[in-house]
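What follows is a short report on a single structure.
What you see is a predicted model; the values in this text were computed from it and never measured. Naming: A, B, ... by sequence-line order, numbering from 1 per chain.
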Protein chains: 2
Amino acid sequence: MSLPHAILTALLEKPSSGLELTRRFDKSIGYFWSATHQQIYRELGKLEAEGFIRTLPAEQPARGQKKSYEVLPAGRAELARWTAAAQDPKTMRDPLLLRLRAAAVVGTEGLESDLSRHLELHRRQLAKYREIEERDFPPDRDAPQDRLRHLVLRAGIDLETFWTQWLTHALTEFGELPGADGNGSGADDAR
Amino acid sequence: MSLPHAILTALLEKPSSGLELTRRFDKSIGYFWSATHQQIYRELGKLEAEGFIRTLPAEQPARGQKKSYEVLPAGRAELARWTAAAQDPKTMRDPLLLRLRAAAVVGTEGLESDLSRHLELHRRQLAKYREIEERDFPPDRDAPQDRLRHLVLRAGIDLETFWTQWLTHALTEFGELPGADGNGSGADDAR
DNA sequence: ACTCTTTATGCAACTAGTTGCACAACCGCC
DNA sequence: GGCGGTTGTGCAACTAGTTGCATAAAGAGT
């Protein structure tokens, strides 16, 4: 149940239309909660029906016309409630680790190149985050909001750093593996 | 499309019944691809229909009777294909980071205790992983399968380490934040 | 014999996220 | 004044995962 709250947060930061939200998700909030434009439009409809947001009075036309939303007090209250409520950590799901585990059974053939590709992607993302950090969080500023946002960005940076390191390490291991096993026969006994 | 392949991997490691698989997911594969027993039963049905697995001949009775599955050659081939195929990294989704970002707007009230709770959970998980590492990967063994499985476990360990560190840091920051803001009024301008 | 718990399998309904496409208005331009 | 791209909104169908419950057999206790 995170998407509506991601949208409320974004709208509190700045009232926007559906498409503007989509764009902002692509380059900011979406770094840790991605969403497509269809999800966003659908959710905006629901949030409006529930009385958490409303369209800005300015215009309110038909299809193909911009329609901006702002958060109502009830929406802010709901967001505060959700933020403070206890939530269990997500059950982790990572296909890449799964593939490595599978590779231990059926062989590593073909996996290496995709690992390299992922490494490259994570490096790029890391560079992007670092750029944002430099631009938005110079060493001196430290209003509470900035501290919190910086903390979130640091999580992104450190996670990407972790992945680049881990992938680098994995690729090294691959290099040292006895060449071309390809069938991984004798696997047994779960762990 | 990862669950069927997670199941194929588990079954290749050791043929099992639905419930056995569920248990093994809870304490091994599930660490990076969790699944409920319903998902597993449903998927076993599909995999059998597609000819990737079959029930072990021994018994084949009705409800309430154990039914074990093994992987057929087609299933192994499918798993190898999937493992080697290029896949884009998952779009990241983390409610906790989202909540922190929301807290920058609506205030941090009530969030701190849940952060502590998460910290404790991650510490526990880390301890569990370390235990497994000690038990299953003594310094000397290094058959290729072990190297790969160890690599996966290291990812788990390093990720949990990252989260404990980050949460510790976050809680420190919370302590230093100017007391009780609670409304976070002047937030504007997305980043 | 009979109830209670555990083991084991499974259906049905629901929620969340994704993909593919439709459609309206506006903007420039030639 | 009509043509083609961009902006903006949205429906419908699909896939994946979750929740709640039903059912059946086997063993354990009394």
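Within the nucleic acid shown, T22(A) has no heavy atom closer than 4.0 Å to any nucleic acid atom.
In this structure, D26(B) places its CG atom 14 Å from P of dT7(C), rounding to the nearest Å. As a whole-Å value, the separation of D88(A) CG from dG17(D) P is 19 Å. Between the CD atom of E43(A) and the P atom of dG17(C) there is a distance of 8 Å, rounded to whole Å. Residue K67(B) contributes atom NZ, which lies 13 Å from atom C1' of dA24(D) at whole-angstrom precision. One can place CG of L3(A) at 18 Å from P of dG17(D), the figure rounded to the nearest angstrom. For the pair M1(A) CE and dT18(D) P, the interatomic distance rounds to 15 Å; values are reported in whole Å. Look at CG on L21(A): it is 17 Å from P on dT7(D), rounded to the nearest Å. Rounded to whole angstrom, the span from the CD atom of E48(B) across to the C1' atom of dT9(C) amounts to 13 Å.
A donor and an acceptor atom, one from each side chain of E133(A) and H150(A), are located under 3.5 Å apart. Judged by distance alone, the side chains of S68(B) and R54(B) never bring a donor and an acceptor atom under 3.5 Å apart.
If you find the closest nucleotide of DNA chain C to T91(B) and to Y69(B), the one lying nearer the 5' end belongs to Y69(B).
Residues from residues 31-41 of chain B with heavy atoms under 4.0 angstrom of DNA chain C, sorted by number: H37(B), Q38(B), Y41(B).
Geometric assessment of K90(A) against the ring of W33(A) yields a negative cation-pi assignment under the 6.0 Å and 45° thresholds.
A side-chain contact (heavy atoms from CB on, under 4.5 Å) with L3(B) is found for one member of R42(B), K46(B), Q39(B) and no other, namely Q39(B).
Contact detail for I29(B) and A6(B): the closest heavy-atom pair is CD1-O, 3.9 Å.
Taking 4.0 angstrom as the limit, R23(B) places a side-chain polar atom (N or O) nearer than this to OP1 or OP2 of dA8(C). Taking 4.0 angstrom as the limit, R42(A) places none of its side-chain polar atoms (N or O) nearer than this to OP1 or OP2 of dT18(C).
Counting only heavy atoms from C-beta on, L19(B) has its side chain closest to dA8(C) among dA16(D), dA8(C), dG17(D).
Under 4.0 Å is where a charged nitrogen must lie from a carboxylate oxygen, and between E160(A) and R123(A) no such pair does. Taking the charged nitrogens against the carboxylate oxygens, R130(B) and E134(B) have no contact shorter than 4.0 Å, which rules out a salt bridge. Checked for salt-bridge contact, R99(A) and D114(A) meet the test: a charged N lies under 4.0 Å from a carboxylate O.
One end of the helix from dA1(C)-dT30(D) to dC30(C)-dG1(D) points its axis 10° away from the other end's axis, with each axis taken from 5 pairs and the angle rounded to 10°.
Taking the six-membered ring for Trp and the full ring otherwise, the centers of Y31(A) and F25(A) sit at least 6.0 Å from each other.
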